[in-house]
2 protein chains.
Amino acid sequence: MSVSDLFEGDIVEAGAQVRIEPIQQRSTARLSGLLDAAAVVVDEVGFDRITTAMVAERAGASIGTVYRYYPDRVAVLHALRERAIQRYRLRVAREIKLADPKTAWETIDCAITAFVEMYRTEPGFRIMHFADRERLPISSASPADGIEVGFLAGQLAIALSERFGLPYGPDLLFRLEVMVEMAAAVLSRGFQSNVLGDERYIAEARRVIAVYLAGYYGEELEQDGAAVPVLESAE
Amino acid sequence: MSVSDLFEGDIVEAGAQVRIEPIQQRSTARLSGLLDAAAVVVDEVGFDRITTAMVAERAGASIGTVYRYYPDRVAVLHALRERAIQRYRLRVAREIKLADPKTAWETIDCAITAFVEMYRTEPGFRIMHFADRERLPISSASPADGIEVGFLAGQLAIALSERFGLPYGPDLLFRLEVMVEMAAAVLSRGFQSNVLGDERYIAEARRVIAVYLAGYYGEELEQDGAAVPVLESAE
DNA sequence: CTTCCATGATTGAGTTCCGATCGGTGACGA
DNA sequence: TCGTCACCGATCGGAACTCAATCATGGAAG
């Protein structure tokens, strides 16, 4: 089983997203068209100001059509987020196939690269960072572990343990969860003032994550010839 | 000049927050009462679902009063965020007075402690992490540096350079900006599933920031017997 | 110290606008 | 050709927001 396969499967939808599953073909196009419109509108006016009318108009549909598929305004945003997550996962998979990572770090780096790519090409991707996550239960792995795991941390944990022998368990999940939060925060900060993404923040995100990973699992790490500060295994 | 003084002054309000500055005393109470109500409502129903009617009722005021002070619904949220920032700054000042930090790291650690305290005691503090920051320009220091600096990073930069000799400049600002993002992200994650704050995330946030700081400015020191990277008074 | 009143503060019914519905119409596919 | 799917948009309910009337305050005048 290839690492990238992990990122290509379907994940269970958390809660009913759409009211009606599309049957005919045109409706599938409508559905994604609505989300496309929502994505653009989000970029244009922000979350607070988005209205269903805007989405409908932008999608060339009527109000009723929006409500045929989504129960309310926020459900549209949730769906947008879900789709963004799905697409991000696919992009990670693609990136992994492309880069063929030989280490755990390179694998994680693929996830970072994919994240940056998404920010640059996917309208409305900011929703990943800014949406109110409280009310967006994500598919969690094992609450019994005393930690709810986001989709990315969960998938990476499986990939890294199976492929590169990192010991699977609460510790790995926790650390990946921390990594995901840190990387997402710094990267998003890089896109806050610069739509193309401030390269300094992007580079720093990579470096920070590399150091963090090395601190727990790695020895020394070379990158571009420059000596990167590395953390020794604590304890 | 004490370090904590830096965190006690007033900062310029970014954009007109309130329509009318309160003159009489009772109105000041009303204003903060409205924000108190908003904070509670935010915690209860989330951002999307908050209504001006809820805020008014919870504050024991009428709808009209809300609109006397705030131009619209989102303005209330913005004001709530501004106040949270103000209170956080005061709390950092208090924490610094209390802990009397001897190193740059200890100073930053005060900011972390204050952040955790705020999460625990200040209703609606989540707004710091979840609000759409795009439309909330914060008082920036010097856009000419090629980097917009958040209030915290800016203040910390001044404090750390003046008190502990860290070289002031774009690099320091950038690194503090990164630190702020990382710490806020990990800490907020710790409060996502646990209202009291998951201690593992809090501890990890401290550790990560300490390591990051040490990576640029520090050597190693001892703390609590365990080898924890700590920053010496630089220079 | 009391009265008085200009002005700040508050109210809540009313207006506008947006979120959401639903019955009617058109389009697909079998 | 008919049953079902998809779409529309007038319409309703409720939330955002206004404003003219009313109340409260605190300082000035006596």
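Lettering of chains follows the sequences in order, A, B, ..., and the numbering in each one begins at 1.
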- Item | Minimum-distance nucleotide (side-chain atoms of B:Thr52 versus C:dG12, C:dG19, D:dA16) | D:dA16
- Query: Can you pull the salt bridge (charged side-chain N to carboxylate O under 4.0 Å, His left out) pairs that have at least one residue in residues 68-79 of chain B, sequence neighbours excluded?
  - Reply: A:Arg49-B:Asp72
- Quick one: label B:Leu31 by what it contacts on the DNA or RNA (base, sugar-phosphate, nothing), any heavy atom closer than 4.0 Å. nothing
Protein-nucleic acid N or O pairs under 3.5 Å, nucleotides 19-26 of chain D:
none

- Note on the structure: Sorted by chain and residue number, the salt bridge (charged side-chain N to carboxylate O under 4.0 Å, His left out) partners of B:Glu57 (sequence neighbours excluded) come out as none
- Could you list the residues that satisfy salt bridge (charged side-chain N to carboxylate O under 4.0 Å, His left out) with A:Arg83, not counting sequence neighbours? A:Asp36
- Please test B:Phe125 against B:Phe191 for ring pair (Phe, Tyr, Trp, His ring centres under 6.0 Å), starting from the C-alpha separation and ending with a verdict. CA-CA 11 Å; B:Phe125 192 68; B:Phe191 282 89; 8.7 Å; no
- Item | A:Tyr69 side chain, from C-beta outward: closest of C:dG19, D:dA16, D:dC7 | D:dC7
- Item | A:Arg73 side chain, from C-beta outward: closest of D:dG9, D:dC5, C:dA20 | C:dA20
- Task: Provide, to the nearest angstrom, the distance between the CG atom belonging to B:Leu77 and the C1' atom belonging to D:dA16.
- Result: 14 Å
- Task: Determine the contact category for B:Ser27: base if any of its heavy atoms lies under 4.0 Å from a base atom, sugar-phosphate if only primed atoms, P, OP1 or OP2 are that close, otherwise nothing.
- Result: sugar-phosphate
- For B:Ile63 and for B:Thr28, locate the closest nucleotide of DNA chain C by heavy-atom distance; then report the residue assigned to the nucleotide nearer the 5' terminus. B:Thr28
- Query: Which nucleotide in the set D:dC8, C:dT10, C:dG19 lies at the smallest distance from any side-chain heavy atom of B:Arg30?
  - Reply: C:dT10
- Query: salt bridge (charged side-chain N to carboxylate O under 4.0 Å, His left out) with A:Glu204: which residues, sequence neighbours excluded?
  - Reply: A:Arg207
When the side chains of residues 115-124 of chain A are checked against the rest of the protein, which donor-acceptor pairs come out under 3.5 Å, sequence neighbours left out?
{"residue": "A:Tyr119", "atom": "OH", "partner": "A:Ser188", "partner atom": "OG", "Å": "2.9"}
{"residue": "A:Arg120", "atom": "NE", "partner": "A:Leu196", "partner atom": "O", "Å": "2.8"}
{"residue": "A:Arg120", "atom": "NH2", "partner": "A:Leu196", "partner atom": "O", "Å": "3.1"}
{"residue": "A:Arg120", "atom": "NH2", "partner": "A:Glu199", "partner atom": "OE2", "Å": "3.0"}
{"residue": "A:Thr121", "atom": "OG1", "partner": "A:Arg91", "partner atom": "NH1", "Å": "3.1"}
{"residue": "A:Thr121", "atom": "OG1", "partner": "A:Glu117", "partner atom": "O", "Å": "2.9"}
{"residue": "A:Glu122", "atom": "OE1", "partner": "A:Arg87", "partner atom": "NH1", "Å": "3.4"}
{"residue": "A:Glu122", "atom": "OE2", "partner": "A:Arg87", "partner atom": "NH1", "Å": "2.8"}

